[in-house]
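First the structure, in the form of structure tokens, and then the observations on it.
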Amino acid sequence: MVIVGAGIAGLAAAARLAQAGLRVSVFERAATPGGKMRTLPSEAGPIDAGPTVLTLRPVFDALFQALGERLDDHLTLIPQEILARHFWPDGSSLDLFADETRSRDAIHAFAGARAAAQFTAFTARARRLFAAFDAPMMQAAAPAPLALSGLVAREPSLIRAMAPLSTLAQSLAREFDDPRLAQLFGRYATYVGGSPYQAPALLALIWQAEAAGVWVIREGMHSLAQTLARLAAARSAQFHYNTHVARIDTAANAVSGVSLTDGRQIAAATVLFNGDPRALASGALGPDVTGIAAQTLTTPRSLSAQVWAFAATPTGPDLAHHNVFFSTEARAEFDDLRAGRCPRAPTLYVCAQDRGLPDPPPRHERFEIIVNAPPMEALSHPAEDFATCHTRTFQTLARFGLHFDPLPAQTALTTPARFESLFPASLGALYGQSPHGMLAAFRRPTARTALRGLYLTGGGAHPGAGVPMATLSARHAVEAILSDRTSISTSPRTAMPGGISTA
């Protein structure tokens, strides 16, 4: 079988399928595995220029267990006491902790007893939503509105917790008197590429995913991708880098293989596509698969970003591993994004990659800075030039007292247009489809497609964006592939090594 794309989901699927005894060939247009889990070089070492937050560790423990391995034998995961450090223009700052009591005490010191009580209530709501929707939504291969209706019918009080007629921002404005706390927890909508002013209140559950623990991979996030590629290869999966799949071929209403840009044709009865599903619908993978994931052509795209990855010596406020520098007016920032322009007063996320580790940071540290930006589809103003983006980003941080020496050069910046070139047909959207609207989760493509032998995995498919969700999508795809192979087989069933974790 063929896997197109060696992003985190393609790698997880390749390892699982190879463990199950299948002959797997992975074709990746880049020179290295990882997809969006990419790095840029620097004199301080490789800098993560993609995902930075590792949450929901049980997802990865289950993946390695399915391979007969232990995660801790391959990577060093360091739990973070400080989930994130937050700064506001008025000079206030707030740490949130992995320990709920410490977070509540910090919020009490930050905004008073009433704010601490409101935080406790909000955390209880987020925890309840996460527990209620984990099995029928994230863990389910194909979530159905009927299953959601049944869940609510059994637990009618969930309706109040879901606040189905409210956006995340509206529900948070009711829950927190202090607008800084509403701004902070509204920020979690951006974790899946949305705006708190358009995303459903249900996305409050993302806080629970982070509150359950944040880990730093000592070797860097990209090492997770490299480890999975190595484990898959050890199980005889074949990897072909710098190899571009031009077309997915079909015959008799079923997949027949793929054609490469160099003219080679690879026969395969099963193809797993680990890329933005919009690439299929838009014809980027040939005319035979344009009927797949057709909704991606009409569904709004998620946010994109301007991403800086560079090494420098910092001066100014003490940084944690994860840091957020908030804008003065949250609504204005997202109004700009909705209007198709980069925010004039952005909130900036700064990952200090050498912080939060047992050793003190070196003099020359590695940083990733993420600034939300509209996708190419929504861009109603000319793309920003480097100087404008550079000035706004680093002057904003300078107002917080944070300076870098040296400031990064143009090669350190990845723009929405660059993301579109790296991940074709995505329109630069980093999280696939927009998460806006109560039914957004049901509009995502699932692992099985209408074309026999073609399956989907990755952040653009169910259950959505983020490293844990993409990894779960790989499990869903593998279970579908193995189940379908068994159901059409005329041979007696035999035990397969490893099996598939359903934890």
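These numbers come from the heavy atoms of this one structure, side chains and all, not from hydrogens, waters or symmetry mates.
- Panel note: side chain R443, backbone P435; no donor-acceptor pair is recorded below 3.5 Å.
- No cation-pi contact links R187 to Y349, judged by a cut-off of 6.0 Å to the six-membered ring centre and 45° from its axis.
- When side chains are defined from C-beta on, L228 does not count as touching P33, because their heavy atoms never get closer than 4.5 Å.
- Counted by atom type alone, S92 and R180 present one or more donor-acceptor pairs between their side chains at under 3.5 Å.
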Worksheet item: What do the steps show when you test Q295 against Q433 for side-chain hydrogen bond (donor to acceptor under 3.5 Å, both in side chains), and what is the final call?
Response: CA-CA 9 Å; Q295 71 270 35; Q433 295 176 200; 4.5 Å; no
Worksheet item: Can you check salt bridge (Lys or Arg N to Asp or Glu O under 4.0 Å) on R218 and D359, steps first, answer last?
Response: CA-CA 10 Å; R218 182 166 194 157; D359 304 321; 2.3 Å; yes
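- The closest side-chain donor-acceptor pair between E43 and H364 falls under 3.5 angstrom.
- Here the closest heavy-atom approach between residue P343 and residue R392 is recorded as O-NE, 3.1 Å.
- Using modelled atom types, no side-chain atom of S327 and backbone atom of P346 make a donor-acceptor pair closer than 3.5 Å.
- A side-chain donor-acceptor contact under 3.5 Å links Q139 and R475.
- Side chain of H436 to backbone of S195: a donor-acceptor contact under 3.5 angstrom is found.
- F110 pairs with exactly one of F87, F119, W88 by the ring pair (Phe, Tyr, Trp, His ring centres under 6.0 Å) rule, that one being W88.
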Practice prompt. Would you please test L181 and F122 for side-chain contact (heavy atoms from CB on, under 4.5 Å) and show each step?
Written response: CA-CA 11 Å; L181 294 175; F122 169 71; over 6 Å; no
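- A salt bridge does not link K36 to D276: none of the charged side-chain nitrogens sits closer than 4.0 Å to a carboxylate oxygen.
- Within a 6.0 Å radius of CD in E81, other residues, nucleotides and ligands contribute 12 heavy atoms or fewer.
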Worksheet item: Are E377 and R278 close enough, and set up right, to give a salt bridge (Lys or Arg N to Asp or Glu O under 4.0 Å), and what steps lead you there?
Response: CA-CA 13 Å; E377 168 195 55; R278 189 178 180 278; 5.9 Å; no
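- The shortest distance between side-chain heavy atoms of V371 and T396 does not fall below 4.5 Å.
- Between M162 and F133, the closest heavy-atom pair is SD-CZ, 3.6 Å.
- No donor-acceptor distance shorter than 3.5 angstrom exists from the side chain of D354 to the backbone of E365, with no hydrogens or angles considered.
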Item to complete: Determine, stepwise, if the pair R355 / D318 fulfils salt bridge (Lys or Arg N to Asp or Glu O under 4.0 Å).
Response: CA-CA 10 Å; R355 306 288 178 110; D318 186 28; 3.3 Å; yes
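- Using cut-offs of 30° and 60° for the angle between ring planes, the F423 and F419 rings count as parallel.
- Considering all non-hydrogen atoms of both residues, P416 and A305 come closest at CD-O, 3.4 Å.
- Side-chain contact check for E219 and Q226: no donor-acceptor pair (N or O, by modelled atom type) lies under 3.5 Å.
- Within the 3.5 Å criterion, the main-chain N or O of D48 finds no donor-acceptor partner in the side chain of R366.
- Between the D336 side chain and the E333 main chain, no donor and acceptor come within less than 3.5 Å of each other.
- With hydrogens and angles ignored, the 3.5 Å screen pairs no side-chain donor or acceptor of D95 with any backbone N or O of I82.
- The residue from V324, I369, T52 that alone fulfils the side-chain contact (heavy atoms from CB on, under 4.5 Å) condition with V350 is I369.
- In terms of heavy-atom proximity, P463 sits nearest to R444 at O-NH1, 3.2 Å.
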Item to complete: I would like to know whether T190 and T347 meet side-chain contact (heavy atoms from CB on, under 4.5 Å); could you show each step before the answer?
Response: CA-CA 11 Å; T190 66; T347 290; over 6 Å; no
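- Residues R104 and T123 bring no donor and acceptor atom of their side chains to less than 3.5 Å of each other.
- Side-chain N or O atoms of Q170 include one that pairs as donor or acceptor with a backbone N or O of T167 at under 3.5 Å.
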Worksheet item: T449 and L280: side-chain contact (heavy atoms from CB on, under 4.5 Å), yes or no, with the steps?
Response: CA-CA 11 Å; T449 73; L280 302 173; 5.9 Å; no
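- P143 approaches F442 most closely through the heavy-atom pair O-CD2, 3.7 Å.
- With hydrogens and angles ignored, the 3.5 Å screen pairs a side-chain donor or acceptor of S473 with a backbone N or O of G458.
- Counting only distance, with no hydrogens or angles, the side chain of T290 and the backbone of G283 share no donor-acceptor pair below 3.5 Å.
- Residues satisfying the ring-ring contact (aromatic ring centres under 6.0 Å, His included) criterion with Y191, sequence neighbours excluded, are Y188.
- L357 has its side chain within reach of V216: a pair of non-hydrogen atoms, C-beta onward, lies under 4.5 Å apart.
- Between W308 and F394, the two ring planes are perpendicular [angle over 60°; tilted spans 30° to 60°].
- Looking at R418 and S421, their side chains do bring a donor and an acceptor atom within 3.5 Å of each other.
- At a threshold of 4.5 Å between non-hydrogen side-chain atoms, the residues L83 and W207 count as touching.
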Practice prompt. Please lay out, stage by stage, how S434 and R301 fare under the test side-chain contact (heavy atoms from CB on, under 4.5 Å).
Written response: CA-CA 5 Å; S434 164; R301 306 299 287 165; over 6 Å; no
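- Residues P314 and R363 come closest through the heavy atom pair CD-O, 4.2 Å.
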